[in-house]
Amino acid sequence: MTDSLGQQKPVNIKAQLQACRSKEETFKTLVTLSKTLPRLPTEEKTEENKVKGCESAVWLIIEEKDGLRYFKADSDAKLMRGVLVAILSLVEGKTLVDIQKMDLTAELAELNLSSYLTSSRTNGVLAILSKINTL
């Protein structure tokens, strides 16, 4: 299993985003986080792995080992890659039951991402959360 978050710890990611005091600072943090997400090889960027409903192309692969879920993801948009790191930091290494018990929308609201989640991006994020919760 590939740890989609590299060496970043989920608490650290949440703290980094919550510490941002401006839209510009949040943007810079998301871009920095986007660089920690390993790129998917071309052969994994399939229609089956593509998240439907996203403004930009987003691919999400869910792997399970010993009842725990691990994620690989990628996007053609740098900002969306940063958002993916934030989302995956909340769910990486948890069971599906634990993930389904979480209010991921509320968790994301705590990360200062609202100014970047336009209505079309919000639809994409909801599609990502739906895929995380159901596969």
Side-chain angles (χ1 to χ4, degrees):
M1 294 293 134
T2 302
D3 181 352
S4 63
L5 302 174
Q7 300 301 314
Q8 293 276 358
K9 296 195 184 229
V11 175
N12 185 30
I13 291 169
K14 187 173 186 175
Q16 282 180 311
L17 288 166
Q18 287 179 329
C20 295
R21 297 292 168 229
S22 68
K23 187 174 179 177
E24 182 180 283
E25 194 176 344
T26 302
F27 179 81
K28 286 179 182 176
T29 300
L30 286 170
V31 169
T32 300
L33 288 173
S34 76
K35 296 173 185 174
T36 68
L37 189 67
R39 301 304 298 217
L40 284 179
T42 304
E43 61 270 11
E44 290 185 326
K45 292 181 180 180
T46 64
E47 279 303 309
E48 180 184 328
N49 293 333
K50 197 169 190 177
V51 178
K52 312 295 185 267
C54 289
E55 182 177 280
S56 47
V58 173
W59 298 271
L60 179 65
I61 299 170
I62 302 171
E63 300 173 336
E64 201 162 314
K65 183 178 181 192
D66 300 326
L68 301 178
R69 297 188 130 206
Y70 300 92
F71 302 85
K72 294 193 292 184
D74 202 352
S75 176
D76 61 356
K78 195 179 290 189
L79 183 66
M80 197 63 209
R81 287 175 50 78
V83 171
L84 281 166
V85 171
I87 292 170
L88 298 182
S89 74
L90 301 171
V91 296
E92 184 79 14
K94 293 184 175 9
T95 66
L96 178 58
V97 171
D98 287 341
I99 292 168
Q100 290 174 334
K101 287 179 185 175
M102 297 173 73
D103 183 347
L104 291 172
T105 306
E107 292 274 348
L108 285 176
E110 294 179 17
L111 301 181
N112 293 333
L113 301 180
S114 59
S115 60
Y116 291 100
L117 299 181
T118 60
S119 59
S120 57
R121 276 203 192 110
T122 298
N123 290 338
V125 168
L126 292 175
I128 293 165
L129 297 181
S130 175
K131 188 167 182 173
I132 286 170
N133 273 305
T134 56
L135 287 179

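As the structure is a computational prediction, the values presented were derived from the model and not from experiment.
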Worksheet item: In Å, rounded to the nearest 0.5 Å, how long is the span from CG of Leu90 to CG of Leu108?
Response: 5.5 Å

Worksheet item: Can you tell me how far the CG atom of Leu129 sits from the CE atom of Met102, to the nearest 0.5 Å?
Response: 10.0 Å

Worksheet item: Just by distance, do the side chain of Asn49 and the backbone of Trp59 share a donor-acceptor pair under 3.5 Å?
Response: no

Worksheet, complete the sentence: Between Asp76 and Ser56 the two heavy atoms that sit nearest each other are OD1-CB, 3.1 Å

Worksheet item: Got a donor-acceptor contact below 3.5 angstrom from the Ser130 side chain to the Ala127 backbone?
Response: no

Worksheet item: Can you name the closest pair of heavy atoms from Leu30 and Val83 and give their distance?
Response: CD2-N, 3.9 Å

Discussion item. Around atom NZ of Lys45, are there more than 12 heavy atoms from other residues, nucleotides or ligands closer than 6.0 Å?
Written reply: yes

Discussion item. Nearest 0.5 angstrom please: Thr29 OG1 to Gln16 CD, how far?
Written reply: 6.5 Å

Practice prompt. Please say which of Ile99, Ile128, Val125 ends up in a side chain to side chain contact (heavy atoms under 4.5 Å, CB included) with Leu104.
Written response: Ile99

Worksheet item: Between the side chain of Arg81 and the main-chain N/O of Lys35, is any donor-acceptor distance below 3.5 Å?
Response: no

Fill in: Heavy-atom donor-acceptor pair, Lys52 side chain to Glu47 backbone, under 3.5 Å
yes

Fill in: Closest contact, heavy atoms only, Ser89 versus Ile13
CB-CD1, 3.6 Å

Worksheet entry | Interatomic spacing from OG1 in Thr46 to CG in Leu40 - rounded to 0.5 Å | 9.5 Å

Worksheet item: Which pair of non-hydrogen atoms, one from Ile132 and one from Ile62, has the smallest distance, and what is that distance?
Response: CA-CD1, 4.0 Å

Item to complete: For the residue pair Leu84 and Ser75, establish whether any side-chain heavy-atom pair is separated by less than 4.5 Å.
Response: yes

Discussion item. Please find the pair of heavy atoms, one from Gln100 and one from Asn133, that lie closest to each other, and give the distance.
Written reply: NE2-O, 2.7 Å

Discussion item. Donor-acceptor pair, distance only, cut-off 3.5 Å: does the side chain of Glu92 make one with the backbone of Phe71?
Written reply: yes

Discussion item. Within this structure, what is the CD-CG distance for the pair Glu48 and Leu60, rounded to the nearest 0.5 Å?
Written reply: 11.5 Å

Worksheet entry | Interatomic spacing from CG in Leu111 to CD in Gln18 - rounded to 0.5 Å | 6.0 Å

Practice prompt. Decide whether Ile61 and Val58 are clustered together by the hydrophobic rule: side chain heavy atoms of Ile, Leu, Val, Met, Phe, Trp, Tyr closer than 4.5 Å, transitively.
Written response: no

Discussion item. Please check if the number of heavy atoms outside Lys101 that lie under 6.0 Å from its NZ is greater than 12.
Written reply: no

Worksheet item: Of all heavy-atom pairs between Glu44 and Lys72, which one has the smallest distance, and what is that distance?
Response: OE2-NZ, 2.8 Å

